[in-house]
K.L.:
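Quick one: structure below, then a few questions.
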Amino acid sequence: MNNTDVADALSEIAELLELKDESSFRIRAYENASKAVSNLNEDVQALIERDELTSVKGIGKSIAERVEDLVAQGHTAYLDDLRAEFPAGVRELMRIPGVGPSLARRAYQELGVLNIEQLRAAAESGALAELPRFGEKSAENVIRALDRVRKRESRISLGKAMPVVEDLIAVLQECDAFQDLTAAGSLRRWAPTIGDIDLMATSSDPARAMEAFVGGPQVRQVLGQGLTKSSILTDNGLQVDLRIVEAEAFGSLVQHFTGSRDHNIELREYALARGLSLNEYGITSTETREIQAFSDEVSFYRALGLDYIPPELREAGGEIEAAGNGSLPTLVTVEDIRGDLHMHSDWSDGAASIDEMIQAAVDRGYEYVALTDHSTTIGFGNGLSAEQLVEQGKLLEEVRKAHPEIKILTGTELEIKRDGSLDFPDEVLASLDWVIASVHSGFNQTEEEMTRRVLMAIENPHVDAIGHPTGRLIGRREPYALDLEAVFRAAAKNHTALEINSFPDRLDLADRHARRARELGVMLTINTDAHAPVNFENIRYGVAMARRAWAEPSNVLNTRSFDELRKWLSRAAP
DNA sequence: GCCGTTTTCGGCCCGACTGTTTTCAGTCG
């Protein structure tokens, strides 16, 4: 079992303990241990071999034994026994919003419900409403929740949500009843997917502000309207909540609703150890019961003895400790990006001419840009042959004369073929300024095959970077099987950069992978993979992933000046 | 089941809302 398997097993134990109505503290212990394992930077096996498992915070003697079982035997009797008590379908019931462990357990034990279909039947037949402490309303809520699940109202991508919210905020700001107005929640943390949107505001005239909100142009349906909270559904099915609060408490409120849940839990534990209790209204001394309100987040964190923590870091990944000892990173920003090293023109599958793409890069104020059209064997048939690449290189000489304000690198997005060989021979690659190599086919290969394939590309001295290294398409395609730890180590050793692809569907490397790569000394590059001028706008999503990976400008290749970039490219072979 | 700037025992994040109740458990964010 690898770390992910162990973390999943611990998390399953926690869920089954919930079903058993075990002590909530024991449940949390397993949840915490699951998180601790998935955040490990090395194989849990190695920790066991060094006998250091219990030195991991959140793993004590008991859980260490279960983990050792899991790693050594692939299972643990403790989990096996729990599974025997509750069929898998019962655990699935808890995935339904509004259905928790209590309802799932009672539906199973008192009505024999084994899966979601049977729960619906029990709710519709009235059997559920018959149970003590349940009623008509409970049954109706279950049916409504099941309908919503059936309609698959799942999370939407950051790239879809962000423009909608920005438009909405721009419209609301035209109404002078709003003072402060900001998004909170997962959107403010730039999480890759978003559930619903929380807007926070202060207002001189809440009634008028709420009128403006529920009467906006893209409102499909008003779900609720009050003076402190209203909810709407937008045209594209996004639920947006607006909360209006007193200006004095705005800071702690925004902090509270920005989350993440895990960050807030850790922050409250940290505060409690110092005699302070936190809620959305401020900080309360547990001794004097006096509450202090905060109009901004900086002073809120400051009052806890912490540096301001950027929202992208609020994921319970060590940010509180770092904020306490002054070691938070200086995160990379969009302004730090000096060029884009991955873009396409209509020579391959882009929608715009080379000139249009270069002009768009100039308009963004970039110092340099790399043209990286696809190579021959890209599946859809319009990759460039070596001859076409030479021809394109000659054309670029002309383009450079027309655009002296930007440096243009001649490049390719090179196919890594199924056997790990590359589309162009070394002498062709050697003539290029920039080579980014990517996988676009054979996603079903085994982890061994795929890892060998990617490592071969990394080890080629002409390959400068690997594009969208895991191939994931959020919500549509899982990442292919790949030993990322081996990839990161090879990339660091061979001086090969790894891309954070800014396309909202990709965001690949993912934040936690990029963080691990950076820790192992891998150089990152944040690119848009632009296929049209408008795609350059996506750079902010890639930068956000880098920030969530705790990346500083020095960790990102394309924050360097053109001269520094060239210096990096002329690195000595390892 | 874990953990320690008050602790090796006695704590463990906080509040809002809902539905069922008549004082509170369950669920959510």
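It should be emphasised that the depicted structure is a prediction, and the values quoted were computed from it without experimental measurement. Just so it is clear: chains get the letters A, B, ... in the order the sequence lines come, proteins before strands, and each one is counted from 1.
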K.L.:
Any idea which of dC3(B), dG15(B), dA25(B) is nearest the R133(A) side chain?
P.N.:
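For the R133(A) side chain, the nearest candidate turns out to be dA25(B).
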
K.L.:
Need one value for I63(A): base, sugar-phosphate or nothing, where a base atom within 4.0 Å counts as base even if backbone is also close, heavy atoms only.
P.N.:
sugar-phosphate

K.L.:
Tell me what S24(A) touches on the nucleic acid: a base, only sugar-phosphate, or nothing, going by heavy atoms under 4.0 Å.
P.N.:
nothing

K.L.:
What pairs of nitrogen or oxygen atoms, one from the protein and one from nucleotides 8-12 of chain B, lie under 3.5 Å apart?
P.N.:
none

K.L.:
List in numerical order all residues of residues 99-131 of chain A for which some heavy atom is under 4.0 Å away from an atom belonging to DNA chain B.
P.N.:
V99(A), G100(A), P101(A), S102(A), L103(A)

K.L.:
Which pairs, with at least one residue in residues 502-512 of chain A and sequence neighbours excluded, count as a side-chain hydrogen bond (donor to acceptor under 3.5 Å, both in side chains)?
P.N.:
T470(A)-D508(A), R476(A)-D505(A), D511(A)-R548(A)

K.L.:
What side-chain hydrogen bond (donor to acceptor under 3.5 Å, both in side chains) pairs are there with at least one residue in residues 128-142 of chain A, not counting sequence neighbours?
P.N.:
N141(A)-R144(A)

K.L.:
Which listed nucleotide (dC13(B), dT18(B), dG15(B)) is nearest to the side chain of R261(A)?
P.N.:
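Shortest atom-to-atom distance from the side chain points to dC13(B).
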
K.L.:
Which residues within residues 73-97 of chain A lie with some heavy atom under 4.0 Å of an atom in DNA chain B?
P.N.:
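Heavy-atom contacts with DNA chain B come from Y78(A), I96(A), P97(A).
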
K.L.:
What is the pairing partner of dT8(B), taking Watson-Crick or G-U wobble pairs with both distances under 3.5 Å in any strand?
P.N.:
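Here dT8(B) is not engaged in any pair, so there is no nucleotide opposite it.
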
K.L.:
Sequence neighbours excluded, which residues qualify as side-chain hydrogen bond (donor to acceptor under 3.5 Å, both in side chains) partners of E211(A)?
P.N.:
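With neighbours one apart ignored, the set is Q225(A).
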
K.L.:
Side chain of S138(A) only, please: which of dG15(B), dC13(B), dT20(B) is the nearest?
P.N.:
dT20(B)

